[in-house]
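Remember, predicted model here, so these are calculated numbers, not experimental data.
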Amino acid sequence: MARSSSKDAQDLFRALWSAYAATPTNLKIIDLYVMFAVFTALIQVVYIALVGSFPFNSFLSGVLSCVGTAVLAVCLRIQVNKENKEFKDLAPERAFADFVLCNLVLHLVIMNFLG
């Protein structure tokens, strides 16, 4: 039974990889950006676990900045995706402008939280 489940898992990963290969390049770039933001947040959490949480506001600001940026990038990906029919009337330039404006507001709030 273990062999069939590992073969099924391999088939699943192959199917996912072949489906992702057909994804447009601009969406892959956004995916890399999201992964980078999440990875940076994880590095900060590991650092605070190992070293300590003395400047706790700085830790919260850094993690919330990374997570907020990742969430906004996922929203951008949803709006820019051509296969998504819900945002078919929204121009990609408008979606990017919304992304930049929301990031600006997010980081102004985070800078204010730092003190």
### Message
What I'd like to find out is whether the side chain of Val45 reaches to under 4.5 Å of the side chain of Phe59, using heavy atoms alone.
### Response
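A side-chain contact under 4.5 Å exists here.
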
### pair Phe96-Val80: side-chain heavy atoms closer than 4.5 Å
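Side chain of Phe96 against side chain of Val80, heavy atoms only: no contact under 4.5 Å found.
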
### Message
With side-chain hydrogen bond (donor to acceptor under 3.5 Å, both in side chains) as the rule and sequence neighbours excluded, what pairs involving residues 37-51 come up?
### Response
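Sorted pair list comes back empty.
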
### Query
Going by the side-chain hydrogen bond (donor to acceptor under 3.5 Å, both in side chains) test, which pairs reach into residues 77-89, not counting sequence neighbours?
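Listed by first then second residue: Asp31-Arg77.
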
### Query
Who else is in the cluster with Tyr20 when I, L, V, M, F, W and Y are joined by side-chain contacts under 4.5 Å?
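Grouped by the 4.5 Å side-chain rule, Tyr20 forms a cluster of one, so the answer is none.
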
### Non-neighbouring partners of Phe13 that pass ring-ring contact (aromatic ring centres under 6.0 Å, His included), sequence neighbours left out
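Per chain and number, Phe13 pairs via ring-ring contact (aromatic ring centres under 6.0 Å, His included) with no residue.
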
### Message
Please enumerate all residues that pass side-chain hydrogen bond (donor to acceptor under 3.5 Å, both in side chains) together with Ser61, with sequence neighbours excluded.
### Response
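So Ser61 forms no side-chain hydrogen bond (donor to acceptor under 3.5 Å, both in side chains) with any residue.
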
### For the student: nearest non-hydrogen atoms of Asn57 and Leu114, plus distance
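In this case the closest contact between Asn57 and Leu114 is O-CD2, 4.1 Å.
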
### Heavy-atom pair with the smallest gap, counting every atom of Ala37 and Cys66
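Closest pair (atom of Ala37, atom of Cys66, distance): O-CB, 3.4 Å.
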
### Message
Would you say the rings of Phe39 and Phe36 are close, in the sense that their centroids are separated by under 6.0 Å?
### Response
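So the answer is no for these two rings.
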
### Task
Name all residues meeting the side-chain contact (heavy atoms from CB on, under 4.5 Å) criterion together with Ala97; count only those two or more places apart in sequence or in a different chain, and write none if there are none.
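Per chain and number, Ala97 pairs via side-chain contact (heavy atoms from CB on, under 4.5 Å) with no residue.
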
### Query
side-chain contact (heavy atoms from CB on, under 4.5 Å) with Leu106: which of Leu108, Asn103, Leu104, Val109?
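Running side-chain contact (heavy atoms from CB on, under 4.5 Å) over Leu108, Asn103, Leu104, Val109 with Leu106 returns exactly one hit, Asn103.
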
